[in-house]
**Q** 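Have a look at the structure that comes next, please.
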Amino acid sequence: MSATFRHCRHRELEALLFSAISSASSISQLNQAHTLLYRLGLHQSSYLVAKLLRRLVDLRSLSNSYAFAVFSQVPAPNSFLWTALIRTSAAAAFGPPCRHPLVLYSLMRRALPPPPPLSFTFSALLKFCSTSRSIAMGSQLHAQTIFIGGFNEDLFVQNTLIDLYVQCGQLDLARKVFDEMLVRDIISWTSLIVAYTRHGDMGSAEELFGESPVKDMVAWTAMVTGYSQNARPNEALAAFERMRMAGVTIDEVSVVGAISACAQLGAVKRAEGVRQIAEEYGFGKNVVVGSALVDMYAKCGLIDEARRVFYAMDDRNVYTYSTMITGLASHGKALDAIKVFDEMTMRTEVKPNRVTFIGVLTACSHAGMVEAGRQYFTSMSEVYGITPDADHYACMVDLLGRAGNAEEALELARTMPVEPNGGVWGALLGACRIHGKPHIAKIAAEKLFELEPDAIGNYVLLSNVYASAGMWNEVSNVRKLMRGRGLRKNPASSWMEAKDGVVHEFFAGDGSHPMSREIKAALEELIDRLKCRGYTPILSSIVYDVSESEKRRLLNGHSEKLALAFGLLTVDTGGTIRIVKNIRICEDCHLVMCLASSSENREIVVRDNMRFHHFKDGVCSCGGFW
DNA sequence: CTAGGGTTAG
């Protein structure tokens, strides 16, 4: 009777302490729980100590000596406790007195009577190999699993094997494990689907997704994010829509892929729709969702809405701040970007990272703030301990070159302590496009043709520099080079979202749009009105050696002008015309937008591949820096 | 226990 009672009390106490450990949210609370265990004589319980170790891993406050000390107090650790210790050691950078997970495993095998090894212990070892990318150790363990009875049907073991090979970049081996599995669950399918999406192989991902017998929220989300991360925003949104149609519930993670797809499209109506869904479910409070929304609004041209979301957030981390800074930079609001950076560094605990500095440096560059840019560049290593990499040097080359100092930019590219990448030479070539330095452009382009032989834009840029300088022989040489390498231009296009959310895309000189005739007429009328106000076409924007009248004809066929005319015809009076372009806006179109913004009394926002241009009352927010 | 997340220069 009293034994039963004592037993009951013991069980109750154990349950109480178990929940105390589970709810510990800091290392000091965990310490208190441990002290309690000690006082009550329960520090020898494998069950409770194993929970303690697992909580230690969850809290990421890993102290291996502490873990080992706690473990050592248990006289007869069972296999659960051993496994927890292995996990602790696998999660940390192990050092004395902690041992390597495999060593612990052999100690465990020696300490315990020889039972068949537990699958979850083995999974913990495999997981360790997977996180530490130890393919050699992992495949040895894999070989062992083959001889252990039941492991070929054990989902934990098999799924961890898939993960191991995926993490080590061995997709074929992961697929082999998957194909040979006797039983598969949704996790096996999804692991492999995600592996394909991360390798950019959406075809295989689609195939697997189609074949998988069950599709849950995570699997659907994997497809949505897969499309989004592979720059296929329309398909991402379509998948998101199908997912909701199929009645699958969504969570914070599911909406992020859709939000990021809207950011890529720059389509405001779609964006508002997805935002509404996110808010309906109350996901807006989540840091990741919030950061994605900030990015989405910034990339859709609604920088003030991005700012509102940013300031309404409760938690902001380095992603949130970097996104806001980069967003402001792309809209040419350098001072605001710097203000956000200062808020972050002076009033919060959030530490800037390398991406944050890329944002700050581009902000300076896009506003011509050379001295401020130099100071931030110096401070990043001296104050924040971040060593500038090639991307940061690219920003500096851009900063100097854009401001008209191509010689110093070239000098920096030549003397920088890390190997210059395509970004560095590309920034230099871009500077030459603005300031016309054919001899420097040639140096930059030669490096680029080696580093990025297939990047068509570099050839076009060089040929443009030569064309502006009237060096038609060199222009034709560049064109020959392009042809010789079998490169063809990505068609330039501009697109615009209509009132109903449908996206209309325009190509240069293209007459396939249903309203094509009206658009052409409206454009001609507009150009005539602008000419009365002193507009002269900038013929040098056409880089072909053709007659002047042909140049005029080509200029008026530019896709952004077609989109502008479509906007003037369809956007309500007083509404902002928002155009997205896949390449940089040309000088003539830039001028036309400026003039049209005042003559038509319209705000026009153009997102090109680099940044935003806000045209209002005849001026552009870029201040001529683009 | 094992699957899905946001920022990057020309």
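Here is the naming used below: chain letters follow the sequence lines, and residue numbers restart at 1 for every chain. The structure presented is a predicted model; accordingly, all values stated were derived computationally and were not measured.
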**Q** Which nucleotide wins on minimum distance to the side chain of A/Ser254, given the candidates B/dG4, B/dG10, B/dG6?
**A** B/dG4
**Q** Fit a plane to each ring of A/Tyr376 and A/Phe341, take the angle between them on a 0 to 90° scale, and name the class: parallel (under 30°), tilted (30 to 60°) or perpendicular (over 60°).
**A** perpendicular
**Q** Would you say A/Lys127 reaches B/dA3's phosphate, i.e. side-chain N/O to OP1/OP2 under 4.0 Å?
**A**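 Indeed, a polar side-chain atom of A/Lys127 lies that close.
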**Q** Side chain of A/Asn317, heavy atoms from C-beta onward: which of B/dG6, B/dA3, B/dT7 has the nearest atom to it?
**A**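 Side chain of A/Asn317 sits closest to B/dG6.
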**Q** Indicate, with a heavy-atom threshold strictly under 4.0 Å, whether A/Gln158 touches base, sugar-phosphate, or nothing.
**A** nothing
**Q** When we call it a touch if two heavy atoms are under 4.0 Å apart, what does A/Leu429 touch: a base, just sugar-phosphate, or nothing?
**A**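 Counting heavy atoms under 4.0 Å across all strands, no contact is made by A/Leu429.
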**Q** Are A/His392 and B/dG10 close enough that a side-chain N or O sits under 4.0 Å from OP1 or OP2?
**A** no
**Q** Base, sugar-phosphate, or nothing for A/Gly327, non-hydrogen atoms under 4.0 angstrom?
**A** nothing
**Q** Which nucleotide sits closest to the side chain of A/Val288: B/dG4, B/dG5, B/dC1?
**A** B/dG5
**Q** Under 4.0 Å between any heavy atoms, over every strand shown, what does A/Gly426 touch: base, sugar-phosphate, or nothing? Just pick one.
**A**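 Contact class for A/Gly426: base.
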**Q** If the cut-off is 4.0 Å, is A/Arg354 near the phosphate of B/dA9, judged by side-chain N/O to OP1 or OP2?
**A** no
**Q** Mind checking if A/Asn609 touches a base, just sugar-phosphate, or nothing, with heavy atoms under 4.0 Å?
**A** nothing
**Q** Closer than 4.0 angstrom, basic N to acidic O: yes or no for A/Arg316 and A/Glu343?
**A**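 Salt bridge between A/Arg316 and A/Glu343, a charged N being under 4.0 Å from a carboxylate O: no.
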**Q** Please confirm whether the ring centroid of A/Phe377 lies under 6.0 Å from the ring centroid of A/Phe357.
**A** no
**Q** Base, sugar-phosphate alone, or nothing: which one does A/Ser123 contact when heavy atoms must sit under 4.0 Å apart?
**A** nothing
**Q** A/Asp391 side chain: which of B/dA3, B/dG4, B/dA9 is closest?
**A**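 Closest nucleotide among those given: B/dA9.
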**Q** How is A/Leu448 classified with respect to the nucleic acid when contacts are heavy atoms under 4.0 Å: base, sugar-phosphate, or nothing?
**A**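 Base, at least one base atom sits under 4.0 Å.
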**Q** When we call it a touch if two heavy atoms are under 4.0 Å apart, what does A/Val224 touch: a base, just sugar-phosphate, or nothing?
**A**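 The residue A/Val224 makes no contact with any strand.
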**Q** Any idea which of B/dT7, B/dG10, B/dG4 is nearest the A/Ser322 side chain?
**A** B/dT7
**Q** Pair A/Trp189, A/Phe209 - check ring pair (Phe, Tyr, Trp, His ring centres under 6.0 Å), show working.
**A** CA-CA 8 Å; A/Trp189 287 91; A/Phe209 184 71; 9.8 Å; no
**Q** Looking at every strand, decide which applies to A/Thr320 at a 4.0 Å heavy-atom threshold: base, sugar-phosphate, or nothing.
**A**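 Base: the residue A/Thr320, judged by heavy atoms under 4.0 Å, touches a nucleobase.
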**Q** Would you say A/Arg611 reaches B/dA9's phosphate, i.e. side-chain N/O to OP1/OP2 under 4.0 Å?
**A**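 The answer is no; no side-chain N or O of A/Arg611 sits under 4.0 Å from OP1 or OP2.
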**Q** Side-chain donor-acceptor contacts of residues 122-129 of chain A below 3.5 Å, not counting sequence neighbours, with atom names and distances?
**A**
{"from": "A/Ser123", "atom 1": "OG", "to": "A/Ser119", "atom 2": "O", "distance (Å)": "3.0"}
{"from": "A/Lys127", "atom 1": "NZ", "to": "A/Asp163", "atom 2": "OD2", "distance (Å)": "3.0"}

**Q** Could you tell me whether A/Leu192 contacts a base, only the sugar-phosphate backbone, or nothing, with contacts defined as non-hydrogen atoms closer than 4.0 Å?
**A** nothing
**Q** For a quick check of understanding: with a heavy-atom distance under 4.0 Å over all strands, which category does A/Val194 fall into, base, sugar-phosphate or nothing?
**A**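 It contacts sugar-phosphate atoms only.
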**Q** Which residues, if any, of residues 290-302 of chain A bring a heavy atom under 4.0 Å of DNA chain B?
**A** A/Ser291, A/Asp295, A/Lys299
**Q** For a quick test of reading the model: is some side-chain N or O of A/Gln229 closer than 4.0 Å to OP1 or OP2 of B/dG6?
**A**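 For B/dG6, OP1/OP2 do have a side-chain N/O of A/Gln229 under 4.0 Å.
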**Q** Is the phosphate of B/dT7 approached by A/Arg316 (side-chain N or O, under 4.0 Å from OP1 or OP2)?
**A** no
**Q** Ignoring hydrogens and angles, are the base of B/dA3 and the side chain of A/Thr190 linked by a donor-acceptor pair under 3.5 Å?
**A** yes
